[in-house]
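Counting convention: from 1, in listed order, for ligands and their atoms alike. Note that the numbering runs from 1 along the sequence shown for the chain.
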Amino acid sequence: MYTGLLHLHSFLRWLALILIIAAFIRSLTGWLNKSEYSPLDNKLSLFSLISAHVQLIIGFILYFVSPIVRAGLADIGGAMKEPVLRFWTIEHISVMIFAIVLITLGRSLSKRAANDANKHKKIVLYFGLGLLLILIRIPWPFMQIGEGRGWF
Ligand code: HEM
């Protein structure tokens, strides 16, 4: 189960990233060009939210079955001094949860905003920050933390 979920979580990063980036870019251009917040914009932010929440659920399951997280949790004090264990036990989960909270807030504030410009603005700000946090805390293969991990 662990390997299957890890592959799924790894692959779904792309779906989440594509949707969040698309929602962000559409709202950025919509905000700048003062265009309407269309049904497509609404769908993009909804599917971004769903994909982020699916990652959250799979991530939580992985957190409790992952051998590397278990090793970190077995000795939290020691894990804090070891960058790889610290990344998997604390950094990845906390930054990703914060990013997903921002995306959730962005969608809900945008839904409640009074006009289209404000709807776009909420998506730009909250999705933009959430996206940045996700991008810096993915264990990319070119990072030391992602050594040996794949692109998919
Ligand atoms: C949009 C949010 C997230 C993205 C894009 C993301 C991305 C990734 C990626 C790319 C990997 C490496 C997969 C591999 O090596 O094949 C990974 C692993 C992992 N993620 Fe996430 N993640 C997200 C959110 C979360 C959350 C919220 C949690 C915890 C609640 C979490 C827990 C984990 C765990 C435990 C691992 C596996 C560590 C291991 O055993 O190697 N992730 N994640």
Side-chain angles (χ1 to χ4, degrees), residues 1-31 37 40-113 119-152:
M1 177 181 85
Y2 167 64
T3 315
L5 278 181
L6 189 60
H7 281 129
L8 185 63
H9 189 65
S10 181
F11 180 74
L12 285 180
R13 91 180 87 174
W14 293 110
L15 185 65
L17 282 176
I18 289 167
L19 288 166
I20 297 166
I21 290 170
F24 172 76
I25 291 176
R26 274 194 62 97
S27 273
L28 183 63
T29 53
W31 186 23
Y37 187 82
L40 176 62
D41 295 319
N42 184 41
K43 279 206 180 88
L44 270 176
S45 78
L46 172 66
F47 287 117
S48 300
L49 178 80
I50 293 172
S51 68
H53 282 213
V54 170
Q55 282 296 69
L56 180 69
I57 293 165
I58 300 174
F60 263 117
I61 303 170
L62 272 176
Y63 195 79
F64 293 103
V65 296
S66 159
I68 195 157
V69 174
R70 277 192 184 168
L73 290 176
D75 173 16
I76 279 278
M80 290 302 107
K81 298 186 197 108
E82 214 285 298
V84 176
L85 287 182
R86 190 177 61 229
F87 179 88
W88 289 114
T89 314
I90 306 287
E91 293 173 12
H92 184 74
I93 180 171
S94 50
V95 174
M96 291 307 194
I97 289 177
F98 186 48
I100 294 167
V101 167
L102 286 174
I103 287 169
T104 309
L105 262 176
R107 156 104 184 139
S108 116
L109 292 173
S110 150
K111 266 172 63 179
R112 273 184 270 155
K119 286 180 189 291
H120 282 308
K121 190 168 142 190
K122 300 292 177 204
I123 296 293
V124 169
L125 298 178
Y126 287 83
F127 277 41
L129 189 55
L131 174 64
L132 191 71
L133 292 176
I134 290 173
L135 284 173
I136 61 171
R137 272 302 162 258
I138 284 180
W140 296 109
F142 56 80
M143 289 162 70
Q144 211 176 353
I145 206 78
E147 230 174 70
R149 291 179 187 265
W151 286 97
F152 294 99

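- A pairwise comparison of heavy atoms in K111 and K119 identifies O-NZ, 3.2 Å as the closest pair.
- The main-chain N or O of V124 is never found under 3.5 Å from a side-chain atom of S27 such that the two would form a donor-acceptor pair.
- Atom 38 (C) of ligand 1 has W88 CE3, 3.5 Å as its closest protein atom, hydrogens excluded (heavy atom only).
- Every N/O-N/O distance between R13 and ligand 1 stays at or above 3.5 Å.
- Ligand 1 is never approached by A52 to a heavy-atom distance shorter than 4.0 Å.
- Ligand-side atoms of ligand 1 in range of I134: 1 (C), 5 (C), range being under 4.0 angstrom from any heavy atom.
- In terms of protein heavy-atom proximity, atom 13 (C) of ligand 1 is closest to S10 CB, 3.6 Å.
- Closest to atom 37 (C) of ligand 1, if we only count protein heavy atoms, is L6 CD1, 3.5 Å.
- Residue-environment remark: NE2 (H53) exceeds the threshold of 12 foreign heavy atoms within 6.0 Å.
- Nearest to atom 12 (C) of ligand 1 among the protein's heavy atoms is P139 CG, 3.6 Å.
- Shortest contact from atom 34 (C) of ligand 1 to any protein heavy atom: L62 CB, 3.9 Å.
- The environment of OH in Y63 is crowded: more than 12 heavy-atom neighbours from other residues, nucleotides or ligands sit within 6.0 Å.
- Here H9 contributes NE2 and H92 contributes NE2, and at atom 21 (Fe) of ligand 1 these two atoms make an angle of 170°, given to 10°.
- Contact between W140 and ligand 1 is absent, with no heavy atom of the residue lying under 4.0 Å from the ligand.
- Using cut-offs of 30° and 60° on the angle between ring planes, the pair H92 and F87 is tilted.
- Closest to atom 30 (C) of ligand 1 by heavy atom, among F60, F87, Y2, is F60.
- Every N/O-N/O distance between Q55 and ligand 1 stays at or above 3.5 Å.
- Counting protein heavy atoms only, atom 28 (C) of ligand 1 is closest to G59 CA, 3.5 Å.
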Show, in sequence, the C-alpha distance, side-chain angles and deciding distance for Y2 and L62, and conclude whether the side-chain contact (heavy atoms from CB on, under 4.5 Å) test is met. CA-CA 7 Å; Y2 167 64; L62 272 176; 3.8 Å; yes
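- Nearest heavy atom pair, residue L85 against residue A71, reads CD2-CB, 4.2 Å.
- Here the side chains of L17 and L131 are in contact, with some heavy-atom distance below 4.5 Å.
- One option in H53, R137, M96, H7 has a heavy atom closer to atom 26 (C) of ligand 1 than any other, and that option is M96.
- The part of I138 lying near ligand 1 is the side chain, judged by heavy-atom distances below 4.0 Å.
- The shortest N or O to N or O distance between R149 and ligand 1 is under 3.5 Å.
- Of all atoms in ligand 1, listed by their number and element, those nearer than 4.0 Å to a heavy atom of Y63 are 35 (C).
- Residue I93 approaches ligand 1 through these ligand atoms, each under 4.0 Å from one of its heavy atoms: 29 (C), 30 (C).
- Crowding of E82 atom CD: a count of heavy atoms from other residues, nucleotides or ligands under 6.0 Å exceeding 12.
- By the 30° and 60° cut-offs, the orientation of the rings of W140 relative to F142 is parallel.
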Check the pair R107, L46 against side-chain contact (heavy atoms from CB on, under 4.5 Å), reporting the backbone distance first and the verdict last. CA-CA 7 Å; R107 156 104 184 139; L46 172 66; 3.8 Å; yes
